[in-house]
Structures are given as C-alpha cells and as structure tokens.
Amino acid sequence: MVVAPERIRSLHKYEKAILTALERSMKRYEWVPLESLEQATGLSESEVNYRLSRLIQWGMVRFNPVPYDGYALVFGGYDTLALMTLVKKGAISALGAKIGEGKESVVHEALGLGPVAIKFHRVGQRSFNTPRLNREYLPETGSCPWLLASRLSAEREYLALNALHPKVSVPLPVAQNRNAVVMAKIEGPSLARCKLSDPAATLDAVLKNVRAAYQLGVIHADLSEFNILMEDDRPVIIDWPQWMETTHPNAAATLERDITNILAFFVRKYKLAYDPGETLRCVTA
C-alpha cells in the first residue's frame with residue numbers, strides 16, 4: 001500500500017534525510033548499519049533511533065536484528081521518495097485513490113496539470129526469482145534488491161512510452177522517478193471487462209497499434225485483454241516494462257505469443273476468428 005499523503009506531508013526533515021541516506025547506502029548494504037546512518041545524516045544516535053522508529057511505524061523502513069542491527073527501505077519509503085521528487089518537479093500536486101493493482105504494480109489516480117495516473121512498480125514484491133529470470137535488464141550476477149529492480153522496470157516503461165507516443169495508442173508519458181511513472185489517466189475499462197459493440201473494428205485497431213509499435217522497433221511482450229483499456233471506443237495499450245526490441249533473438253516468438261493471446265481472447269468472447277499466420281504477416285509487413 002502507498003503511504004498516505006498526509007503522512008508524507010508530515011515528514012520531518014530528519015526523516016527525509018534518513019530515507020535518502022538509506023537509499024544511497026543500500027547500494028552497498030542489504031541492511032544498513034545504524035552507525036552508517038549516523039555518519040550519513042550527521043544526527044546523533046538517539047535522534048536517528050527516534051526517527052527510525054517513526055519511519056518503521058509508518059511502513060517506510062524495516063528493521064533486521066541479524067547478524068547486526070540493520071535497516072532497509074521498503075516500498076512505502078521508496079514510494080515516498082519518488083512522490084516527494086515528483087511533487088517538487090511539478091509533475092503531480094495531489095495523490096488520489098488506488099485505481100488498479102497487478103502482480104508487480106499498483107496504480108493511483110493523481111493530479112498534475114490535469115488528471116494523471118501514477119504507477120508504482122513492485123518487481124519482486126512477492127517472488128524475486130521469477131522476475132530476475134524473465135527480465136534481461138536485471139544484473140545476472142550479484143545482489144539486485146527489489147527497489148533497484150522496480151526502478152529499472154519503471155525506467156524501461158517510461159522509455160517505451162516516450163518512444164511510442166503518439167504514433168501508438170499508449171498513455172502520454174509525463175514523468176518518471178525511482179519506481180514511479182506518471183502518465184495521462186485513461187478513462188475506461190480493460191478489454192476483458194467491457195462488451196464491445198464492434199469487436200472486429202476493435203481487434204483491427206489493436207493490431208494496427210501492434211504493427212505501429214513493431215515498425216518503431218518495439219514488441220509489447222506481455223499483451224493480453226487485461227492491459228488494453230477502452231477509452232471512447234479507442235483501445236489504449238498499457239503496461240510496457242517487459243517490452244522487447246524487434247532485433248532481439250526471441251522477438252519473433254514473443255510477437256507471435258502476443259498476437260496469439262489477443263486472437264484467442266476474441267475467439268473466446270466474440271467468436272471472432274482471424275488466421276494467426278496471416279495476422280502475424282500483416283503486423284510484420
């Protein structure tokens with residue numbers, strides 16, 4: 001759960017300093033020793049202990065006593081750092097209710113220059129082994145904390161949105177910091193949760209966008225009815241952190257899987273059958 005906005009607003013400057021020091025120190029430590037936090041912040045042991053107790057209570061920091069007393073950021077603290085930076089940059093001014101949640105992300109509505117959505121990446125929150133195996137942008141050796149993996153995931157999604165918009169129907173990217181991506185809010189349900197009046201026209205529009213992305217060198221790599229939103233009869237493709245370049249050795253198989261997933265959904269729900277081979281040829285032509 002994202003930390004409540006009022007809690008973030010009430011943070012003392014010492015608590016902000018400790019969160020920042022933890023983030024920096026976690027590049028070297030899995031659990032940051034108390035002494036390192038004292039040195040990094042210039043605060044006394046009693047002050048650091050007091051501020052840490054509050055941050056732990058608010059779900060921003062975790063304590064571990066083995067093999068020594070150590071502290072680490074958790075997603076609540078990382079989200080807080082991202083939000084503070086995004087507010088300072090003017091990307092958002094208010095955080096609203098949660099509007100979506102997946103296996104590796106949570107999405108809130110927010111206000112920027114207009115209505116926006118802010119997506120907090122949560123790679124490895126439940127199991128880190130699978131994300132590490134399936135994402136080539138993660139280091140193959142050494143430790144890769146969940147926070148680093150989530151930042152890299154957010155950076156990849158933001159990169160994809162910038163590369164694709166406006167030629168492909170994706171949310172307008174606004175800003176990115178740490179594990180958070182701010183984008184235009186899409187008003188509409190997922191393809192899985194709506195009843196289409198013209199399924200063929202929608203499927204053609206989806207495939208047109210898949211083709212446009214392919215021509216820009218990008219394959220979604222996780223396409224399904226759950227990450228296509230319908231806004232005023234316009235399909236908008238979301239969730240791009242796993243995208244793959246068309247030059248990748250597995251590009252052909254990945255694109256085929258994306259297309260097969262979408263065609264299977266339209267057969268299942270609307271009895272609308274397109275030939276998979278011919279569809280793939282049209283997308284790559």
Side-chain angles (χ1 to χ4, degrees), residues 102-105 117 119 121 123-124 130-140 144 148-176 179 181-184 186 190-192 199-231 234-267 272-285:
K103 296 189 296 295
E104 297 179 352
S105 65
K119 178 178 179 180
H121 288 242
V123 176
T130 299
R132 185 165 183 167
L133 289 172
N134 293 342
R135 288 166 174 76
E136 294 183 353
Y137 57 85
L138 298 182
E140 293 182 3
C144 184
L148 172 59
S150 296
R151 176 178 65 79
L152 293 174
S153 179
E155 289 175 352
R156 278 186 60 83
E157 178 156 40
Y158 189 64
L159 179 65
L161 293 178
N162 275 289
L164 297 172
H165 190 275
K167 293 184 178 180
V168 181
S169 183
V170 299
L172 169 70
V174 176
Q176 180 265 325
N179 65 324
V181 178
V182 182
M183 63 194 84
I186 304 301
S190 70
L191 195 58
T202 299
L203 177 53
D204 288 343
V206 170
L207 295 173
K208 179 180 178 181
N209 280 286
V210 172
R211 184 174 188 271
Y214 185 85
Q215 291 175 332
L216 292 171
V218 176
I219 298 169
H220 188 282
D222 190 32
L223 194 61
S224 75
E225 64 270 22
F226 299 101
N227 45 38
I228 299 173
L229 303 183
M230 295 301 299
E231 183 179 58
R234 174 179 71 105
V236 182
I237 304 176
I238 62 171
D239 292 341
W240 289 87
Q242 296 186 56
W243 68 275
M244 178 181 290
E245 294 180 348
T246 54
T247 54
H248 192 281
N250 297 329
T254 301
L255 178 63
E256 183 177 2
R257 186 182 66 222
D258 275 358
I259 291 174
T260 299
N261 286 344
I262 290 302
L263 295 185
F265 166 74
F266 277 88
V267 169
L272 178 62
Y274 281 22
D275 179 78
E278 180 60 30
T279 302
L280 183 61
R281 285 189 290 272
C282 290
V283 167
T284 57

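In this text, all values refer to a predicted model and were calculated from it rather than measured experimentally. FYI, side chains are in, hydrogens and waters are out, and symmetry mates aren't considered; it's all heavy atoms of this structure.
- For the pairing with N209, the side chain to side chain contact (heavy atoms under 4.5 Å, CB included) check across V236, I237, V170, D204 returns one residue only, I237.
- A pairwise comparison of heavy atoms in P171 and I238 identifies CG-CG2, 3.8 Å as the closest pair.
- The CD atom of E245 sits 12.5 Å away from the CG atom of L216 when rounded to the nearest 0.5 Å.
- Closest approach of V174 to Y158, counting heavy atoms only: O-OH, 3.5 Å.
- With contacts defined as side-chain heavy-atom distances shorter than 4.5 Å, the pair R211/C282 does not qualify.
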Could you walk me through whether V210 and D258 pass the side chain to side chain contact (heavy atoms under 4.5 Å, CB included) check?
-> CA-CA 9 Å; V210 172; D258 275 358; 5.8 Å; no
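- Note: L223 CG to I228 CD1 = 4.5 Å, rounded to the nearest 0.5 Å.
- At distances below 3.5 Å, not a single donor-acceptor pair connects side-chain atoms of D239 with backbone N or O atoms of D222.
- With hydrogens and angles disregarded, no donor-acceptor distance shorter than 3.5 Å links the side chain of Q176 to the backbone of V181.
- Atom CG of L203 sits about 10.0 Å away from atom CZ of F265, to the nearest 0.5 Å.
- A pairwise comparison of heavy atoms in F266 and P199 identifies CE2-O, 3.4 Å as the closest pair.
- One finds the CZ atom of R281 at 11.0 Å from the CD1 atom of I259 (value rounded to the nearest 0.5 Å).
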Determine, stepwise, if the pair E225 / V206 fulfils side chain to side chain contact (heavy atoms under 4.5 Å, CB included).
-> CA-CA 10 Å; E225 64 270 22; V206 170; over 6 Å; no
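- Listed here is the closest heavy atom pair of P173 and N162: CG-OD1, 3.6 Å.
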Would you sort out whether S153 and E104 count as a side chain to side chain contact (heavy atoms under 4.5 Å, CB included), showing the intermediate values?
-> CA-CA 10 Å; S153 179; E104 297 179 352; 5.9 Å; no
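- Under the 3.5 Å distance criterion, the side-chain polar atoms of H121 are left unmatched by any main-chain donor or acceptor of V123.
- L191 is not listed as a side-chain neighbour of P235, based on a closest heavy-atom distance of 4.5 Å or more.
- For the pair I262 and Y274, the minimum side-chain heavy-atom distance is 4.5 Å or more.
- You'll find the side chain of K119 reaches within 4.5 Å of the side chain of P241, heavy atoms only.
- Between the NE2 atom in H220 and the CG atom in L164 there is a gap of 9.5 Å [rounded to 0.5 Å].
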Yes or no on side chain to side chain contact (heavy atoms under 4.5 Å, CB included) for R156 and L159, after CA distance, side-chain angles and deciding distance?
-> CA-CA 5 Å; R156 278 186 60 83; L159 179 65; 5.5 Å; no
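- Distance check, rounded to the nearest 0.5 Å: CH2 of W243 to CG of L161 gives 11.0 Å.
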